[in-house]
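Read the structure below first, then the notes.
No hydrogens, no waters, no symmetry mates; every other heavy atom, side chains included, goes into these values.
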Amino acid sequence: MTQVVTISAPNAQDCVALAEIELCGELMIAASAAGEERLSPDRIDEVLDVRGAESWATVPRQAVRRG
């Protein structure tokens with residue numbers, strides 16, 4: 001007997017997860033190509049194509065580490 005597998009349309013959570021995976025991949029590529037030890041917050045914003053982040057009040061910007 002043949003088993004049939006039904007593939008359903010992706011739900012919203014799947015789409016969000018795939019977008020997050022893609023963004024993480026972009027960050028990994030940028031980090032591997034960077035000559036610096038870490039990506040600066042400005043470079044991260046550039047890689048993620050963040051524009052007008054000030055309007056995203058719920059998304060905090062990376063804190064600058066001192067030490």
Side-chain angles (χ1 to χ4, degrees):
M1 179 176 252
T2 304
Q3 186 176 9
V4 177
V5 177
T6 304
I7 300 175
S8 63
N11 61 31
Q13 288 178 334
D14 292 341
C15 293
V16 170
L18 289 172
E20 289 176 353
I21 291 167
E22 185 176 343
L23 292 173
C24 287
E26 294 294 328
L27 284 173
M28 285 190 268
I29 291 168
S32 68
E36 309 147 6
E37 185 176 326
R38 295 178 181 217
L39 295 177
S40 69
D42 289 333
R43 179 66 179 130
I44 291 171
D45 288 348
E46 181 183 337
V47 170
L48 298 179
D49 196 24
V50 176
R51 295 183 197 140
E54 296 81 28
S55 65
W56 294 24
T58 59
V59 180
R61 206 176 155 129
Q62 275 189 324
V64 177
R65 290 186 176 197
R66 298 177 189 182

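One distance of note links SG of C24 with CD1 of I29; it measures 11.5 Å at 0.5 Å rounding. Here the straight-line distance linking atom CG of L27 with atom CG of L48 works out to 4.5 Å at 0.5 Å rounding.
Every side chain to side chain donor-acceptor pair (under 3.5 Å) that E46 has, sequence neighbours left out, goes to R43.
A34 approaches L39 most closely through the heavy-atom pair CB-CD2, 3.7 Å. Shown here for A30 and V47, the closest heavy-atom pair between the two residues is CB-CG2, 3.5 Å.
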Please tabulate, for the side chains in residues 15-23, all donor-acceptor contacts under 3.5 angstrom to protein atoms that are two or more places apart in sequence or on a different chain.
none

